[in-house]
Every structure is written in C-alpha cells, then in structure tokens.
Amino acid sequence: MPDSVELSDEAAELVFRVAQEAVRNVAEHSAAATVDVRLAAGPDTVSLTVADDGIGFDVAGLAGTPAGGHVGLLLLRDLARTAGGSLEIDSTHGRGTRVHLEVPAT
Ligand SMILES: Nc1ncnc2c1ncn2[C@@H]1O[C@H](COP(=O)(O)OP(=O)(O)O)[C@@H](O)[C@H]1O
Ligand SMILES: [Mg+2]
C-alpha cells in the first residue's frame with residue numbers, strides 16, 4: 001500500500017460518512033465485543049471495511065429511511081453507486097456484520 005493516496009473530495013467524504021455510520025451502527029445496534037476498521041488503497045480505488053462480531057441482522061429487511069435524520073446504510077449504498085463505487089453489507093445472525101466500501105480514488 002502506498003504511503004499516501006490522492007483522494008477526490010467526493011471519495012474522501014464518502015469514506016468518512018461510511019466509517020462514521022458503520023461505527024455508529026456497531027455502537028448502537030451490534031452488542032459486539034470487537035470492531036475492525038480497515039482502510040486500503042489500490043492504484044485507482046480506496047476501500048473501507050468495518051467488521052464487527054455482534055448479533056448481526058437481516059440485510060434483506062433494511063428499510064429506506066433511518067431513524068434520527070442521518071444518512072443510513074441504504075442511502076450510503078446509493079451514494080457509493082453514484083460515485084462509481086459499491087457498498088456491500090453482509091450480516092449473519094449471531095456472527096456479526098461487515099460493511100465494505102469500494103470507491104474510485106479520484
Ligand atoms: N453493525 C450492526 N449490527 C447489528 N445490526 C445492525 C448493524 N448495522 C445496522 N444494523 C441494523 O440495520 C438497521 C438500519 O441501519 P441504518 O440504515 O444505519 O439506520 P439506523 O442506524 O438509523 O437504524 C439498524 O436499525 C439495525 O437494526
Ligand atoms: Mg445507523
């Protein structure tokens with residue numbers, strides 16, 4: 001991984017917002033013992049993974065608008081697509097949740 005990577009403002013903001021919401025979700029919903037936050041950069045993309053070992057949830061049941069007026073996971077997934085990237089949400093009851101963002105760096 002290079003020492004530093006140029007990120008567009010759009011990519012940097014998306015990485016920040018996904019990190020903020022995913023970590024907030026771990027704190028609010030997961031009852032996890034640990035959370036692992038990883039940032040990685042390739043030549044053209046940046047990726048962020050937030051993984052916890054908490055209770056998990058049914059991703060298929062995700063509803064559109066989160067409580068509290070903030071940007072929830074589905075809106076972040078739309079923003080990732082609009083930026084030319086993707087947001088994967090994997091969760092298994094009793095085994096935890098993994099949120100993975102891939103986005104073009106520039
Ligand atoms: N890390 C997680 N562990 C367990 N459940 C989660 C986690 N992240 C999200 N969820 C579930 O998904 C729902 C939707 O999350 P989100 O879109 O961020 O909206 P909000 O946090 O406002 O409920 C949460 O209410 C919760 O039930
Ligand atoms: Mg949330």
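Each ligand, and each atom within it, is numbered from 1 in the order the structure gives.
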Residues Glu13 and Arg17 bridged, charged N to O under 4.0 Å: yes
Consider side chain to side chain contact (heavy atoms under 4.5 Å, CB included). Of Arg77, His100, Glu102, which one does Glu88 pass it with? His100
Counting only heavy atoms not in Asp58, do more than 12 fall under 6.0 Å of its CG? yes
Tell me, which protein residue and heavy-atom name are nearest atom 5 (N) of ligand 1, and how many Å apart are they? Phe57 CD2, 3.3 Å
Reference residue Arg98; test side chain to side chain contact (heavy atoms under 4.5 Å, CB included); the match among Val50, Thr49, Ile89, Asp52: Thr49
Quick one: look up the protein heavy atom nearest atom 8 (N) of ligand 1 and list residue, atom name and how far away it is. Asn25 CB, 3.4 Å
Any side-chain to backbone donor/acceptor pair from Ser91 onto Phe57? Under 3.5 Å, distance only. yes
Starting from atom 19 (O) of ligand 1, find the nearest protein heavy-atom neighbour and note its residue, name and distance. Pro66 CB, 3.3 Å
Report yes or no: does Thr92 contribute a side-chain atom to a donor-acceptor pair with the main-chain N or O of Arg95 at less than 3.5 Å? no
Please could you name the atoms of ligand 1 that Gly72 approaches to less than 4.0 Å, counting only its heavy atoms? 17 (O), 18 (O)
The reported gap from OG1 in Thr82 to CG in Leu75 (rounded to nearest 0.5 angstrom) is 10.0 Å
To make sure I understand the geometry: which N, O or S atom in Glu21 is closest to the Mg ion (ligand 2)? OE2
For atom 16 (P) of ligand 1, tell me which residue out of Ile55, Asp53, Leu73 has the closest non-hydrogen atom. Leu73
Just go through Arg77, His29, Arg24 and tell me whose heavy atom is the nearest to atom 20 (P) of ligand 1. His29
Using a strict 4.0 Å cut-off to heavy atoms of Thr97, name the atoms of ligand 1 that fall inside it. 1 (N), 2 (C), 3 (N)
Give the contacting part of Glu21 toward ligand 1: side chain, backbone, both or neither, where contact means a heavy-atom distance below 4.0 Å. side chain
With a 6.0 Å cut-off (strictly less than), is the heavy-atom count around CD of Glu6, excluding the residue itself, greater than 12? no
For atom 1 (N) of ligand 1, which protein heavy atom lies nearest, and how many Å away is it? Asp52 OD2, 2.9 Å
Output for pair (Leu74 CG, Leu76 CG), nearest 0.5 Å, gives 9.0 Å
I'd like to know: is the Mg ion (ligand 2) within the 2.8 Å range of an N/O/S atom from Glu28, strictly under that distance? no
Ignoring hydrogens, tell whether any protein atom lies closer than 4.0 Å to atom 23 (O) of ligand 1; use the non-hydrogen atoms only. yes
Leu62 and ligand 1 - part of the residue with a heavy-atom distance under 4.0 Å: side chain
